[in-house]
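Heads up: the structure comes next, in structure tokens.
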There are 2 protein chains.
Amino acid sequence: MNEKTNSARGRPKTLDRDRVLQTALIQYWSKGPANVSISDICNLIGASKPGVYREFGSDDGLKKAVLEVYHGLAIQPVIDILEKNQPTTDAIDALIGFMTQDRTALGIPQGCLFVMMRAQSERLGPSTYHKLNKVHHDLLAAYSEWIERAKLHGEFINIPTDIAALLLDMQHGGAMRMQREGVPRETIESVLRFALRAVMFRDNVIRS
Amino acid sequence: MNEKTNSARGRPKTLDRDRVLQTALIQYWSKGPANVSISDICNLIGASKPGVYREFGSDDGLKKAVLEVYHGLAIQPVIDILEKNQPTTDAIDALIGFMTQDRTALGIPQGCLFVMMRAQSERLGPSTYHKLNKVHHDLLAAYSEWIERAKLHGEFINIPTDIAALLLDMQHGGAMRMQREGVPRETIESVLRFALRAVMFRDNVIRS
DNA sequence: TCATTATCGTACCTAAGAGTATTTTATCAT
DNA sequence: ATGATAAAATACTCTTAGGTACGATAATGA
């Protein structure tokens, strides 16, 4: 019942959990999760390996915790755009805008940690893998709900919801990969404008 | 000038180069190039490590050679479809057909080694990386030429060629990733039908 | 027959990375 | 003070993976 959050028994902890998370996040994000070791992170912040293991349990535990941070930073904003009640074209503009932010200006790495992790899921531990699938599932669900709501207004009428959700997910992944490969911002934006048009046309019927 | 290809001096070679390549190809393709070691491949075919290194020089050399084999197997067929002179819709059907073959029925791994390598290019050696970029460049060039030809027939009129090429490349990558993640064949086909429609519409103008 | 040549394959080297045993040290409670 | 508690950090272990040193071996050619 005291002010301090720590229970204050034993040697006080000096390891800065948030600093570990932030450092790991930036490293994983910019170099790829498979190309950064726990030792790398420790060296970067001057922490000891047992300290990190005490805090996160394992490599898997750290990656899972980082994925949770990343979710709040770059996945939830997408979901928020989808859940906000706004005209479909505005939502699409917002999605494209979010995906094609000028990352260098913002000091944020190129690409998407979530997308990278999916591309290397074989190299992830079980708890990170599980979390990853949950995030993916939630994202697809958010797309689906957004599409269903738009359909009530007569949009996306000729495309099945699950197909449209996968299509949006695919464009998101593709855009993030292009960004990582160094394709210019404006080019990606242009590709996305055309790509997302695919779900919007009224005469969008599958040919027999 | 003799019939035999080998110069026949010294102890005859027993290492089967093609078998190494085939085994490495299947392993890289099914498990991801970063998840298969040279030792794994040696154990699978009963070869010795020095033998493999004598033949390919290094891990990088083997991966590069495998990528060349893969190119002939799964990239060149795409380029062939694009270079064949046929109606645009037929070409698109052929592309979708090739991408959504029933892999299990054909005994071929899911996904695309080229796409996987691109997603993990940080972990590749310089010569594989170089080859990878060359393949990518050639593929984009083939898309571009195909699009330019179609434009002569009044198609793709409102989309810049380079944007359309990147868009097609993006859909290819997305489809291969979905396949690897276990999305059903028919679902991927449906997503692709809608996605590739994006480049085809006549009223496909970027809104201002 | 015997030197020459080139491959074979065992047994090694080295680096890196995940994870831990152990001793020290800083704080709290009595 | 002093014992209990829990975190600190050094210095390990273990495993994997790329790569190689080197003696053995199987052929050719004189």
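All values reported here derive from a predicted model rather than from experimental measurement. Chain A is the first sequence line, chain B the second, and so forth, proteins listed ahead of strands; every chain is numbered from 1.
- Which of D/dT10, D/dA7, D/dG19 sits closest to the side chain of A/P50 comes down to D/dT10.
- Contact between the side-chain N/O atoms of A/S48 and the OP1/OP2 oxygens of D/dA8 is not found at any separation under 4.0 Å.
- In this model, a side-chain donor or acceptor of B/K49 finds a partner on the base of D/dG19 within 3.5 Å.
- The residue among B/P12 and B/S37 whose nearest nucleotide of DNA chain D lies closer to the 5′ end is B/S37.
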### Query
Which is it for A/Q179 and A/I188 under the side-chain contact (heavy atoms from CB on, under 4.5 Å) test, yes or no, and what are the steps along the way?
CA-CA 7 Å; A/Q179 190 176 85; A/I188 298 176; 3.9 Å; yes
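- By the 4.0 Å N-to-carboxylate-O rule, B/R149 lies too far from B/E145 to be salt-bridged with it.
- Whole-Å rounding puts the B/K64 NZ to D/dG18 P distance at 19 Å.
- Across D/dG18, C/dA18, D/dA7, the shortest atom-to-atom separation from the side chain of B/D59 is found for D/dG18.
- One interatomic measurement links the two molecules: CD1 of A/I41 to P of C/dG19, which rounds to 12 Å at whole-angstrom precision.
- The nucleotide whose nearest atom lies closest to any side-chain atom of A/R9 is, among C/dC8, D/dA17, C/dA29, C/dA29.
- Between A/N35 atom CG and C/dA16 atom C1' there is a gap of 13 Å when expressed in whole angstrom units.
- Taking 4.0 Å as the cut-off between side-chain N and carboxylate O, A/D80 and A/K84 do not count as a salt-bridged pair.
- B/E55 has its CD atom 16 Å from the C1' atom of C/dG9, to the nearest Å.
- Residue A/S39 has no polar side-chain atom (N or O) positioned under 4.0 Å from OP1 or OP2 of C/dG17.
- Side-chain atoms of A/R11 lie closest to D/dA7 of the nucleotides C/dT27, D/dA7, D/dA27.
- One can place CZ of B/R123 at 12 Å from C1' of D/dT16, the figure rounded to the nearest angstrom.
- Put simply, B/R54 has no side-chain N or O that comes within less than 4.0 Å of OP1 or OP2 on C/dA6.
- Checked by atom type and distance alone, the side chain of A/K151 pairs as donor or acceptor with a backbone atom of A/I159 at under 3.5 Å.
- Residue order along DNA chain C, read from the 5' end via each residue's closest nucleotide, puts B/G10 first among B/T14 and B/G10.
- Straight-line distance from the CG atom of A/L15 to the P atom of D/dA9: 8 Å, rounded to whole Å.
- C/dT10 atom C1' lies 16 Å from atom OH of B/Y53, rounded to whole Å.
- The pair B/K134-B/D138 counts as a salt bridge, with a side-chain nitrogen and a carboxylate oxygen less than 4.0 angstrom apart.
- Taking atom CG of residue B/N43 and atom C1' of nucleotide D/dA17, one finds them 12 Å apart after rounding to whole Å.
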